Amino acid sequence: MYDFGYHRPDTAADAASLLTKNGEAKVVAGGMTLIPTLKQRLAQPSDLVDLGGAADLKGIKIEGGGITIGAMTTHAEVARSGDVQKTILALAVLAGGIGDPQVRNRGTIGGSVANSDPGADYPAAVLGLGAKIRTNKREIAADNFFKGMFETALQDGEIITAIHFPKPEKAGYCKHPNPASRYAIVGVLVAKTASGVRVAVTGAGPCAFRSKELEVALGGSFSADAAKGAKIKSDGLNNDLHATAAYRAHLVSVMAARAVAAAG
Amino acid sequence: MLTVSMTVNGIAVSADVEARTLLVQFLREKLGLTGTHIGCDTSQCGACVVHLNGKSVKSCTTLAVQANGAAVTTIEGLAAADGTLHPMQEAFRDNHGLQCGFCTPGMVMSAIDLAQSHADLSEAEIREGLEGNMCRCTGYHNIVKAVKAGAQAMTAAMRR
Amino acid sequence: MADSGIGASVKRKEDFRFLTGRGTYIDDINRPGQTCAYILRSPHAHADIVKIDVAKAKVAPGVITVLTGADYDKGGVPCGWQIHSKDGSPMIEPPHFPLCKDKVRHVGDQVALIVAETYALAKDAAELIDVTYKEQKPIVSTGDADKPGVAQVWAAAKNNTCYDWHIGDKAAADAAFGKAAHVTKIDLVNQRLIPNAMEPRAAIGDFDRATGDYTLYTTSQNPHVIRLLMGAFVLQIPESKLRVVAPDVGGGFGSKIFHYSEEALVTWAAGKIQRPIKWTAERSESFMTDAHGRDHVSHAELALDKDGKFLGLRVSTKANMGAYLSTFAPCVPTYLYATLLAGVYTTPAIYAEVKAVFTHTVPVDAYRGAGRPEATYLLERLVEKAARETGIDRVELRRKNFIPTNAFPYQTPVALQYDSGDYFSTLDMALKASDWAGIETRRAEAKKHGKLRGIGISTYLEACGIAPSAVVGSLGARAGLYETGSIRVHPTGSVTVFTGTHSHGQGHETTFAQLVSDGLGIPIESIEVSHGDTNKIPFGMGTYGSRSLAVGGSAIVKAMDKIVKKATRIAAHLMEASVADVEFKNGTFTVAGTDKSKTFGEVALTAYVPHNYPITELEPGLEETAFYDPLNFTYPGGCHICEVEIDPDTGVTKVVNFTAVDDVGRVINPMIVEGQVHGGVTQGIGQALLEACAYDKDSGQLLTGSYMDYTMPRADDLPNFKVATHATMCTHNPLGSKGVGEVGAIGSPPAVINAVLDALAPLGVQDISMPATPLKVWQAIQAGSGRMAAE
């Protein structure tokens, strides 16, 4: 790791001003991706702005029938939250399956969503549930947020403060993990909402994306059979040691079917 | 250099470190607490697990400065001063839940957190709960037995 | 001594320190004035080093020295075994310098050593080194390495061939095939594995300016072997000036047997800078520098008569050595593999050819099982296929060809003579424990839930307890493979046992203490076992090849016999009896027909306070050393049965039951023996379903360079195991013990793959390679279903 300056502001606003002042600074939330990256010397920030001290970024609250989760809320807190469980059980289940227990004790929803790792779970929830990403500057609709592998709509100096998830009628999440890293090779979140069915896929492409084929199929019949029957094209899907694009395409419909079954 | 202060195994400690110092380096190099091990560089093996404010974390993926002001417990902080082992340590010994001993500190720290956060652990819950800890020696069979026994002993001790 | 002697599941003496964080692994040691080393490694698989500019690095903050191949003036890392080719020529043995001089030959090859005040500063300085490489095309594929037109690793090794060796009677084997009623053929890959002991390798070189003595602290399974190889061949330091210490070592599995460049580099450089130097591998370095395992490509053919009796076996194997010859590498695919091809069967004619090839990859050497898993996998896949082809029940086919229990000692056509075994009993016990007969019910039940259930079997044998020195010497070993044991009885009757073996998880401190507690009749708490320090232990060959109890334990028994013999003479003197009338039992000397008795402690004290002592006949003191050279290998064997359930939608295979019944000879500590089997089986399941090392064939880059891509078995990948033993005694060592360290890894992989193939057979799948990952299983199902649809 290269050395860096370290800051631990008390509020999101202070964090944002530190970022503005230090052009080569990076934000560290739970650090579950950033610290290993720094250890491998793959990044050299001048400063780290640690959001761990910003109390205003923590917490879970029910809001407008949905749920709002502060950016610095850990995966373990989301998984255990009674409010999350009773409002959107699929979200609690998803959070409880991220990484391992130690990652869940440190990793945060804001960090995961801001990173847009192709194998991360949360982006599927954000996109599949049609969440709103709140930052220190604005609110971004999920559909406009994920731009590519490790790329999002966030601008320099912009920090996620919270994510609001509207309550769906039904939702389910299921993933097929990479046997080595346990990241999602394919993870699918299906949601039946007032405005229609949303299906978001993580792991299969450069970043989380909505599957039109599955939304159409499940829009017709919100059933596991309908999901299994959907033909997913493998064009543009990831291809690596652990899964070919064709296998991923197949898994998208299998995981979607299981997610539908889990949605009840 | 930054000054970090924390409570480690109940003792207040303080030292000057570079910002890039990992918590595991702080424990091993500054405090000489070498029971916490480093087995990988991608946050997966779990040999470095310690408790940070009561929760198991990977100390190789936590900066020492991030633990400023926190309470840290390491494997060295479990047994009583007279050498009486913590029920989970005892269970690992009784069930032959360790061989080379390298993964053991992290495994025990994870197991204690697992037992504390679940009542009446099933075998499947134990196996899933140990996802963040690798062992190359035991095949996990006896570790799973040990965690089950250790969790029961912890519950029994709480009731007393 | 029933509760702590032979046969008791004594809780381990070593556990307290490990459970309280007080183990002492190399990285836990810090020497006064210690510096840290970082090694700059090649990013290329194959390149010429055109120029190395270290000027900036040398003046970087905290840097003490920067050394490259141009500075290195000592010897190369030697190979400990020489194989001769069919034509009698010796194997090609290229030089292996700890720092590359003109070329790099695998990703991770050593280019420069940077020593600084801290590790971070050494690593910072390494980035300032400017290396100009001229990249070359690499060869990484085992199967293609000897083909024309591919990149050459060494000019001296034509067609990348290290040796082209054979064993057995070709004419007899060919004749057997001539009269066969059926021939089964198979092509197999035994994939490359990365050992992944949880403790990364580490070494501290220390130099004493007062005496000129060197000390190397290292993660080794055999410190004396390292002292011998490094002292005599690499650095030319006499043994008397070199101490090698391997304290607590966090797992080895073979990977810490070998003498590695880093050990020589820190010792050599410590002498240069006259300060201690520590090097600890990062896990990413472990992946690209620890010797890998397996990596065979084989074709095999089995000839059967009309009743299913095996008539002959022909095997042709290519084995990957990597870029350099590691310490034991040449013997693994020859004397630890091809000699095992008779397995548990009476196959009368066997011929095997083995070609070892160089590639631009990490050296390959012994990894848990070393050669025997490869032989077992080949045989048990072949026998399974023969059963399917001939329609003979797979269990019956095996039973029909087993070496009869009354046929021992049994001479195989491939050099080995088995001393004992009972393959029928281990088979029957495993069939019963696994409820083999009930599989169809469970298969039908699984099918109701959309799952494919299958069961697979492997009946195996291995040769371990290495090894008779004269035999291995004639096979090319450059060392003897005896073991030493010393027993020092202290004046007040406590005992220190010194063993030349090394414990890195095996629990020797407990097992060996049990042996001595049993033999001398003293409490186990009074016995300490010491290992891992060349300044304490007379000599030793270390721990590998499941040899510690069979060879090292036997040396301890021999030393104990000497102790008892001398103590009996002292007791006879004290009791004024003739030696012939003195009996020693449960720690007490008695004189037959009298009530006279002396405890072991009293005799010990007399030996050191010899006021009343037969001084003209006996020296004072009570300390004995024995060297034990085994008469033969030992031959554990048994039966492993695996049951799997496959999800055809995802290709995920779950091991739902695993049964191992092993004959490891006499068991000293059943708890430890079971633990060894659990661990070995897990490594076997890992090979069968999860683990594979992959190189990019064009660039030679290691694709599985971290736990993000190399699948380590985790707790939730595995079931609970059913483990049992059935002992036939080793006939030629004093304990009757055979060895248990490797049986799990040897017997299990074919049981798992045979189970997967059994589960997939209804879908038309006939073959799958290891590891049977979800991707491969799913692809096999697609291809199988396609084939069935076409038919």
Side-chain angles (χ1 to χ4, degrees), chain B residues 18 20-21 28-29 32-45 47 74-79 83 85-86 88-90 92-105 108 123-124 126-145 147, chain C residues 9 11-12 14-25 27-30 120 195-200 248-253 280 282-284 286 503-507 671-672 674-683 685 706-708 712-721 723 744:
Chain B
E18 285 186 313
R20 61 175 163 174
T21 306
R28 290 178 58 81
E29 295 166 18
L33 294 172
T34 54
T36 303
H37 297 148
I38 303 171
C40 79
D41 38 26
T42 51
S43 317
Q44 282 169 319
C45 81
T74 71
I75 190 73
E76 289 94 342
L78 294 182
L85 295 177
H86 181 284
M88 190 60 79
Q89 291 172 309
E90 193 67 50
F92 268 70
R93 183 176 144 88
D94 285 348
N95 291 283
H96 190 29
L98 65 154
Q99 291 184 23
C100 80
F102 194 79
C103 77
T104 306
V108 169
E123 189 201 318
I126 295 170
R127 288 185 181 277
E128 282 167 26
L130 296 176
E131 189 177 351
N133 293 81
M134 293 176 183
C135 168
R136 195 55 151 166
C137 294
T138 65
Y140 304 97
H141 179 109
N142 286 341
I143 290 178
V144 173
K145 264 169 66 183
V147 175
Chain C
S9 283
K11 306 295 177 225
R12 299 201 320 170
E14 43 274 82
D15 285 356
F16 181 80
R17 68 174 187 274
F18 294 139
L19 282 164
T20 52
R22 293 171 184 148
T24 306
Y25 302 90
D27 194 53
D28 302 340
I29 297 171
N30 292 299
N196 275 304
M198 290 319 302
E199 178 204 24
D248 289 326
V249 172
F253 315 106
T280 302
E282 297 183 23
R283 177 58 59 183
S284 55
S286 308
S503 187
H504 33 279
Q506 296 87 345
M671 176 191 83
I672 288 176
E674 285 178 16
Q676 288 293 310
V677 174
H678 297 157
V681 165
T682 296
Q683 274 167 296
I685 292 173
S706 80
Y707 293 137
M708 297 294 282
M712 285 282 279
R714 302 201 205 196
D716 57 0
D717 290 318
L718 298 156
N720 277 323
F721 305 113
V723 169

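Here the structure is a predicted model, which means the values were calculated and not measured. Just so it is clear: chains get the letters A, B, ... in the order the sequence lines come, proteins before strands, and each one is counted from 1.
Here the side chains of V147(B) and F92(B) are in contact, with some heavy-atom distance below 4.5 Å. Contact check for V108(B) versus H86(B): no side-chain heavy atoms found under the 4.5 Å cut-off.
Of the listed residues (L130(B), V144(B), T138(B)), the greatest number of heavy-atom pairs within a distance under 4.5 Å of chain C belongs to T138(B). The residue among G35(B), C100(B), G83(B), G77(B) with the most heavy atom pairs within less than 4.5 Å of chain C is C100(B). The candidate from M708(C), E282(C), H504(C) with the greatest count of non-hydrogen atom pairs under 4.5 Å with chain B is M708(C). Contact count versus chain B (heavy atoms, under 4.5 Å) is highest, among G252(C), P719(C), G744(C), for P719(C).
Interface residue D94(B): backbone and side-chain heavy atoms are both found under 4.5 Å from chain C. If you measure heavy-atom distances from L85(B) to chain C, the contacts under 4.5 Å come from the side chain alone. Only the side chain of R28(B) comes within less than 4.5 Å of a heavy atom in chain C; its backbone stays farther off. With a 4.5 angstrom heavy-atom cutoff, F721(C) touches chain B via backbone and side-chain atoms both.
Here the CG-OG1 distance, from D15(C) to T104(B), works out to 8.0 Å after rounding to the nearest 0.5 Å.
Considering only residues two or more places apart in sequence or on other chains, P200(C) meets the side-chain contact (heavy atoms from CB on, under 4.5 Å) condition with F102(B), A281(C), R283(C), S286(C).
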